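Working notes for the structure below.
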Amino acid sequence: MLEFIIFKRRRNFCWQVRDQSGKMIAGGREKTRPAARYHAYRALFLVLSTGWKATDLQPH
């Protein structure tokens, strides 16, 4: 399961895409909340479209 988080930091909104264990997969910073939400959804879609699995982040 993947999730995205948006939080305000000073003047910017930071976004992160995390896996179920809390590891950050993607992240960024935008000036507005709608822009941060758009980029978080976009990153989430790109991660899912590549066939990402939870085992991809674990060392072999």
Side-chain angles (χ1 to χ4, degrees):
M1 183 162 136
L2 298 170
E3 65 179 357
F4 71 88
I5 302 168
I6 298 174
F7 54 94
K8 185 165 174 96
R9 179 150 306 171
R10 296 185 184 177
R11 296 181 182 176
N12 297 324
F13 289 90
C14 297
W15 60 270
Q16 298 175 346
V17 175
R18 295 179 173 251
D19 67 355
Q20 62 189 6
S21 65
K23 292 181 184 175
M24 189 172 78
I25 298 171
R29 188 178 306 163
E30 305 298 328
K31 295 225 180 249
T32 64
R33 185 174 178 83
R37 188 169 159 232
Y38 169 78
H39 285 281
Y41 273 124
R42 183 176 176 205
L44 185 62
F45 175 76
L46 288 173
V47 168
L48 291 173
S49 68
T50 60
W52 178 85
K53 296 177 187 155
T55 58
D56 290 346
L57 290 178
Q58 296 175 358
H60 300 298

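As the structure is a prediction and not an experimental result, all values here were calculated from the model.
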According to a 4.5 Å side-chain heavy-atom criterion applied to Ile, Leu, Val, Met, Phe, Trp and Tyr, with indirect links allowed, do Met24 and Ile5 form part of one hydrophobic cluster?
no
For a quick test of reading the model, state the closest non-hydrogen atom pair linking Ile6 to Ala36 and the distance between them.
CD1-C, 4.1 Å
Within this structure, what is the CH2-CZ distance for the pair Trp15 and Arg33, rounded to the nearest 0.5 Å?
14.0 Å
CZ/Phe45: more than 12 non-hydrogen atoms of other groups inside 6.0 Å
no
Name all residues meeting the ring pair (Phe, Tyr, Trp, His ring centres under 6.0 Å) criterion together with Phe13; count only those two or more places apart in sequence or in a different chain, and write none if there are none.
none
Hydrophobic clustering (ILVMFWY, side-chain heavy atoms < 4.5 Å, transitive) - are Tyr41 and Leu48 grouped together?
yes
Side chain to side chain contact (heavy atoms under 4.5 Å, CB included), that's the test. Do Lys31 and Asn12 meet it? Break it down for me.
CA-CA 5 Å; Lys31 295 225 180 249; Asn12 297 324; 4.1 Å; yes
Minimal heavy-atom distance between Cys14 and Arg29, with the atoms involved, is SG-NE, 3.8 Å
From CD (Gln20) to CG (Leu2), nearest 0.5 Å:
8.5 Å
Not counting sequence neighbours, which residues clear side chain to side chain donor-acceptor pair (under 3.5 Å) with Arg18? List them please.
Gln16
Heavy-atom pair with the smallest gap, counting every atom of Ala43 and Val17:
CB-CG2, 4.0 Å
